[in-house]
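Beneath this line is the structure, given in structure tokens, with notes to follow.
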Amino acid sequence: MRNFLLLEKIKLMGVGEKISELKSILPEKVKLVAVSKTKPNEIIMQAYNAGQRIFGENKVQDLAEKYEALPKDIEWHFIGHLQTNKVKFVAPFISLIQAVDSLKLLKIINKEAQKYERIIPCLLQFHVALEETKFGMSLEEAKSLLESNEFATFENVEIYGVMGMATYTNDENQVRNEFRMLRNIFQILKNGYFSTSQKFSEISMGMSHDFQLAIEEGSTMIRVGTSIFGDRNY
Ligand SMILES: *Cc1c(COP(=O)(O)O)cnc(C)c1O
């Protein structure tokens, strides 16, 4: 892949150095979410001490423990599938829920946010990859969510944009097309539903192996784990 040499170089550095190296090559408007799932607090602090403030987690229990233990100026993003019965554990502090894929989930987030008198920022997750998965909406599903009477009553959630994952493949054209598809979805929703929203501005796409393509295709937010923290042991 085109970023092979860069990734080889980055592999040899410490976590703090990797953060600095990544930030130095990112366009200014692209946010870096350091995906710290499975990683211990000491390692997360190495990234924090290098200036990183946005971290992504995909397990509610781990996230709640890390939130308690780590500095309070960290912005935590929930990047995985969020079960409705667990929303209450992240509602007090979460900065962005990245993977909202149903009206039902959004309704619960709205309800829990209300209890804390918060407005919780959310991204709508889309399924653009070839791989079968239960998660992520189609454009049609998103439209019906956004046009529902119920959505119009939600005062404690705000949609900041879209999120998606490309197929895990070396076929650059395939990956590029999927990122382009997500960007198109963003634009259609922006024009149709969010033309007056200042907040609807994020396209979260790109991971360790494909973030350079994602940036070329208009990503505003990349979610990088392995290239910062190394391989995960589950
Ligand atoms: C784990 C994960 C990432 C990071 O993946 P890497 O390949 O380690 O960079 C990004 N997005 C989501 C949704 C993830 O679950």
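Although no hydrogens or angles enter the test, the distance criterion places a donor-acceptor pair under 3.5 Å between the side chain of Asn156 and the main chain of Arg118. A distance-only check finds no donor-acceptor pair linking the side chain of Lys66 to the backbone of Pro40 [under 3.5 Å]. Panel note: side chain Asp210, backbone Leu213; no donor-acceptor pair is recorded below 3.5 Å. Although no hydrogens or angles enter the test, the distance criterion places a donor-acceptor pair under 3.5 Å between the side chain of Gln52 and the main chain of Leu32. In this structure, Thr220 contributes its side chain and Ile203 its backbone to a donor-acceptor pair below 3.5 Å. A donor-acceptor pair is defined here as one N or O able to donate and one able to accept, closer than 3.5 Å; such a pair exists between the side chain of Asp101 and the backbone of Gly136. Put simply, the side chain of Ser36 never gets that close to the backbone of Lys39: no donor and acceptor are under 3.5 Å apart.
Linking ILVMFWY residues whenever their side-chain heavy atoms come closer than 4.5 Å, directly or via other members, leaves Ile119 and Tyr116 in distinct clusters.
Taking the six-membered ring for Trp and the full ring otherwise, Phe186 and Phe126 have centroids separated by 6.0 Å or more.
Among residues two or more places apart in sequence or in another chain, the salt bridge (charged side-chain N to carboxylate O under 4.0 Å, His left out) test is passed with Lys199 by Glu158. Evaluation of the ring-ring contact (aromatic ring centres under 6.0 Å, His included) rule for Tyr168 yields His209 as partners, not counting sequence neighbours. Qualifying salt bridge (charged side-chain N to carboxylate O under 4.0 Å, His left out) partners for Arg180, counting only residues two or more places apart in sequence or in other chains: Glu217.
The 12-atom threshold is exceeded at CG of Asn191, counting heavy atoms of other residues, nucleotides or ligands nearer than 6.0 Å. The 12-atom threshold is not exceeded at NZ of Lys107, counting heavy atoms of other residues, nucleotides or ligands nearer than 6.0 Å. No more than 12 heavy atoms of other residues, nucleotides or ligands shown are found within 6.0 angstrom of CD on Glu155.
A salt bridge does not link Glu21 to Lys18: none of the charged nitrogens lies less than 4.0 Å from a carboxylate oxygen. Salt bridge present: Asp73 and Arg53 bring a charged side-chain N and a carboxylate O closer than 4.0 Å.
Taking the six-membered ring where tryptophan is involved, the planes of His81 and Phe135 are essentially parallel, since the angle between them stays under 30° and well short of 60°.
Contact of the His77 side chain with the Met221 side chain is registered, since non-hydrogen atoms from C-beta on lie closer than 4.5 Å.
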* With side chain to side chain contact (heavy atoms under 4.5 Å, CB included) as the test, would you mind laying out the steps for Ser219 and Phe211 before giving the verdict? => CA-CA 8 Å; Ser219 173; Phe211 69 81; over 6 Å; no
